[in-house]
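Worksheet: the structure to be examined is printed underneath.
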Amino acid sequence: MSASSQNYHQTYQSWQEDPLAFWAHAAQGVDWMSPFERVFDPSAGVYGRWFPGGVCNTAYNCLDRHVERGRKGQAALIYDSPITGSKKVYSFEDLRDEVSAFGAVLKNLGVGKGDRVVVYMPMIPEAAIAMLACARIGAIHSVVFGGFAASELATRIDDARPKAIISASCGIEPNRVIAYKPLLDEAIDLSTHKPELTVIKQREQKPCDLIDGRDHDYDALLADANARGIDSDPEPMDATDPLYILYTSGTTGIPKGVVRDHGGHMVALNWTMSAIYDMQPGDVFWAASDVGWVVGHSYIVYAPLLAGCTTILYEGKPVGTPDPGAFWRVIEEHKVSSLFTAPTAFRAIKKEDPDGAFIEKYDLHTLKTLFLAGERADPDTIEWAQEKLRVPVIDHWWQTETGWAIAGNPVGLGKLPVRLGSPTVAMPGYDVQVIDDAGHPVPADTLGNIVVKLPLPPGCLPTLWNNDERFKASYLEEFPGYYKTADAGMIDGDGYLFIMARTDDIINVAGHRLSTGGMEEVLSGHPAVAEAAVIGVSDALKGQLPAGFVVTKDGVDLPMEQLEKEMVALVREKIGPVAAFKTVMVVDRLPKTRSGKILRGTMRQIADGEPYKMPATIDDPAILDEISGALKTKGYAA
Ligand SMILES: CCC(=O)SCCNC(=O)CCNC(=O)[C@H](O)C(C)(C)COP(=O)(O)OP(=O)(O)OC[C@H]1O[C@@H](n2cnc3c(N)ncnc32)[C@H](O)[C@@H]1OP(=O)(O)O
């Protein structure tokens, strides 16, 4: 049965009644080189594996099959870069040919099936081409977001142990050109594992020097491959083979390598395009995110192409490139049907254009729906977008780990009524429950731990890269039989889900998932610091911002302002500008329980001006006044 011939409730019920039949049916939406032997094998992997025995290739499904079936001239990828003033359209045939040639280049360099390839790139077409070329030849890509610093890149290099790194000479931010190559060189210096080679896309805004014998020029290699007419065939991949590793912040500074497989990922993403996003082949889908995040993997690169849609790769910002009409210009020019972005982008637009005057300048008749994800969608932003765009505004909730929506409002199955503050209902594949700390289900409308009953559906992570034990410890052990989302929230009587808070140290800054523990580790590494705490405080624009507190070692006699400057610079240097770490306070003491646990939750409540209860186990209540005083100097704790 097609996705659109059933409504949400019927579809969810059909999945509940027979999940294997449901996913077997969805699997018909992609091409298999050999059919799978079973839909799901519960005895394989950590909690089971999807489509074992199936042989397929993701790049073939994204490109070749559309070329073969009448879409070769259709735009597959539109690169639109207001930041450089350039645009380029790749048809499915163009993209297939360039991916195939670049796959051959990688193979000639010795990169093969199962090798890891780190991709550290700005938002240029070569980033998507590199990902798809890896998928084509069976190499496992690991994209690292460009806003991370060299040491974060080094950590990922050491975990993924890539044979090659594909990068560019520079990235371009509105106020500066960022030389990527020195960051890459530094990361390779810092890492224990040394990749054999790099391939560098030279950009005219800031070309870089190449190291003889290690660094290769992207354009020269591609030109040579094209001159010699070499290309690569799609490698037959087991459905359970890894397609990519994407690192995400964990509760310590060491990121977790989320693994995605070929078969289940394709089946799930392809299903979402029609059922959740109501996209048909030929429609234009725009995820205004970055290929460094999971939204970029799933909805800039893989899902739109799998579904035969046109995708947009946008190198720009919602405001300032050149103005708050940037998104509307792209929608009009490329006839975008659906826009998917983070609420923070809309808050930025709303701040600069509160009356929506720029919206009125463009013809947005093609836009059917706005999808929001990546952070909590605040009701003000949703209402503003609804009023100004006059299209449904759909919040949905998912994670890097899941790769696609856990909860949403599946427009392709018939839109459900929107409830502000709720990403709506569980998607087929996810049995979402709320349980207390002892693992017991809680009644409707009661706050608890949001968990998903195992097995997770196709497309979700089967494990962490080379680390089944960390996968189990992080996600499966606390609530046996369930996947722990580490989000807290509730489900109302109608099944609507409300996501309220994280249960760990992860904060969400402008849709970027960051670990406060990681920032604390960096601050603690400063020679003057005895101990540090970082909390996420509410921010009207970015949702949350990190704020640090440090206690200096005895005898440190540096001016407070100098210390604070050094701390801010240190986090930027070690984690990257993406951390947006700009506030730190030197305090005499940190508030703790008698057993020594820092009371970060209470500090956050003070910073956000929320009422708080004096923790019964607090060691010295007077310290909270000191924290409040420090926060006031930074404009918090009103
Ligand atoms: C559902 C599953 C998921 O959650 S996946 C994650 C979904 N999240 C997203 O898609 C992210 C959404 N956010 C954004 O796209 C941006 O934050 C938007 C809204 C466009 C605003 O961008 P911007 O003004 O640069 O602010 P920011 O907070 O992102 O940046 C902070 C500093 O980092 C820098 N930065 C950003 N990107 C890069 C990059 N690729 N390379 C190098 N640097 C980068 C920014 O320039 C900024 O630096 P500075 O502190 O101003 O000097």
Side-chain angles (χ1 to χ4, degrees), residues 82-83 119-124 127 143-150 152-153 167-168 170-180 183-184 246-249 258 272 276 286-300 303 314-321 324 326-327 339-352 371-377 381 395-408 423 460 485 487 499 502 506-514 539 541-546 568-569 571-573 575-583:
I83 215 148
V119 177
Y120 183 58
M121 289 198 124
M123 284 290 287
I124 54 177
V143 183
V144 178
F145 176 63
F148 279 124
E152 289 287 324
L153 178 56
S167 188
C170 67
I172 301 153
E173 285 295 293
N175 48 4
R176 62 196 192 284
V177 173
I178 298 165
Y180 271 39
L183 294 170
L184 175 62
L246 178 60
Y247 288 91
T248 190
S249 299
V258 167
T272 65
I276 299 183
W286 179 24
S289 181
D290 189 288
V291 288
W293 305 121
V294 71
V295 169
H297 282 62
S298 294
Y299 292 105
I300 296 175
Y314 175 73
E315 189 182 28
K317 305 278 175 181
V319 296
T321 57
F327 275 19
L339 169 63
F340 177 165
T341 191
T344 190
F346 265 74
R347 289 195 294 268
I349 295 170
K350 183 173 127 200
K351 189 164 171 243
E352 289 206 6
F371 294 94
L372 298 174
E375 58 178 322
R376 183 176 168 271
T381 303
D395 183 18
H396 57 331
W397 170 64
W398 48 294
Q399 304 184 318
T400 304
E401 289 84 346
T402 63
W404 61 283
I406 305 171
C460 292
T485 67
D487 276 297
I499 312 297
R502 287 291 295 186
I506 300 298
I507 58 170
N508 195 309
V509 180
H512 309 307
R513 177 172 151 173
L514 298 162
D539 182 75
L541 185 63
K542 300 202 178 207
Q544 280 185 299
L545 277 177
V568 167
V571 174
R572 196 172 171 96
E573 180 203 322
I575 295 178
V578 67
F581 184 83
K582 297 195 171 147
T583 304

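Whatever order the structure lists them in is the order used to number ligands and atoms, beginning at 1. The structure displayed is predicted, hence computed values, not measured ones.
Contact between His396 and ligand 1 is absent, with no heavy atom of the residue lying under 4.0 Å from the ligand.
For ligand 1, the atoms closer than 4.0 angstrom to any heavy atom of Gly147 are 38 (C), 39 (C), 40 (N), 41 (N), 42 (C), 43 (N), 44 (C). Residue-ligand proximity, Gly511 to ligand 1, at heavy-atom distances under 4.0 Å covers atoms 6 (C), 7 (C), 8 (N), 9 (C), 11 (C). Listed by number with element, the atoms of ligand 1 under 4.0 angstrom from any heavy atom of Ile178 are 42 (C), 43 (N). Under a 4.0 Å criterion applied to the non-hydrogen atoms of Phe145, ligand 1 contributes the atoms 37 (N), 38 (C), 40 (N). Near Val578, the atoms of ligand 1 lying under 4.0 angstrom from a non-hydrogen atom of the residue are 33 (O). Residue contact check: Ser289 has heavy atoms under 4.0 Å from atoms 9 (C), 10 (O) of ligand 1.
Of the heavy atoms in Glu375, none comes closer than 4.0 Å to ligand 1. Under 4.0 angstrom from ligand 1, there are no non-hydrogen atoms of Trp397. With a 4.0 Å heavy-atom cut-off, ligand 1 is reached by the side chain of Ala342 but not by its N, CA, C or O. If you look at Tyr180 next to ligand 1, the close heavy atoms, those under 4.0 Å, all belong to the side chain. When non-hydrogen atoms are compared, ligand 1 lies under 4.0 Å from neither the backbone nor the side chain of Met123. Under 4.0 angstrom from ligand 1, the non-hydrogen atoms of Pro318 all belong to its side chain.
Of the options Lys317, Glu315, Gln399, Glu401, the smallest heavy-atom separation from atom 23 (P) of ligand 1 is shown by Lys317. Taking each of Ala373, Pro577, Ala580 in turn, the one with a heavy atom nearest to atom 31 (C) of ligand 1 proves to be Pro577. When the heavy-atom distances from atom 26 (O) of ligand 1 to Lys542, Arg176, Arg347 are ranked, the shortest goes to Lys542. Summarising the contacts of atom 35 (N) of ligand 1 with Arg513, Glu173, His297, Met121, the nearest heavy atom is found in Glu173. The option from Asn508, Val294, Ile300, Thr344 that lies nearest to atom 3 (C) of ligand 1, judged by heavy atoms, is Val294.
Counting heavy atoms from C-beta outward, Trp397 and Thr402 have side chains that stay 4.5 Å or more apart.
Here the closest non-hydrogen pair linking Gly316 and Pro82 is CA-CG, 4.0 Å. When all heavy atoms of Ile124 and Ala168 are compared, the pair lying nearest together is CD1-CB, 4.2 Å. Closest non-hydrogen pair, Ala579 versus Pro546, comes out as O-CG, 3.3 Å. Of all the heavy atoms in Leu246 and Gly292, the pair that sits closest is CD1-O, 3.6 Å. Nearest approach of Trp398 to His396, heavy atoms of both residues: NE1-NE2, 3.7 Å. For Trp293 against His512, the heavy-atom pair with the smallest separation is CZ2-ND1, 3.1 Å.
Considering only non-hydrogen protein atoms, atom 14 (C) of ligand 1 sits nearest to Ala510 O, 4.0 Å. Of all protein heavy atoms, the one closest to atom 4 (O) of ligand 1 is Gly374 CA, 3.2 Å.
Polar contact with ligand 1: absent for Asn175 (N/O pair, distance under 3.5 Å). The N/O atoms of Trp293, backbone and side chain alike, include none that comes under 3.5 Å of an N/O atom in ligand 1. Some N or O of Arg572 is nearer than 3.5 Å to an N or O of ligand 1, by distance alone.
Exactly one residue among Arg347, Arg502, Lys542, Arg513 makes a salt bridge (Lys or Arg N to Asp or Glu O under 4.0 Å) with Glu375. That residue is Arg347.
Side-chain atoms of Gln399 come within 3.5 Å of backbone atoms of Thr485 as a donor-acceptor pair (strictly under, hydrogens ignored).
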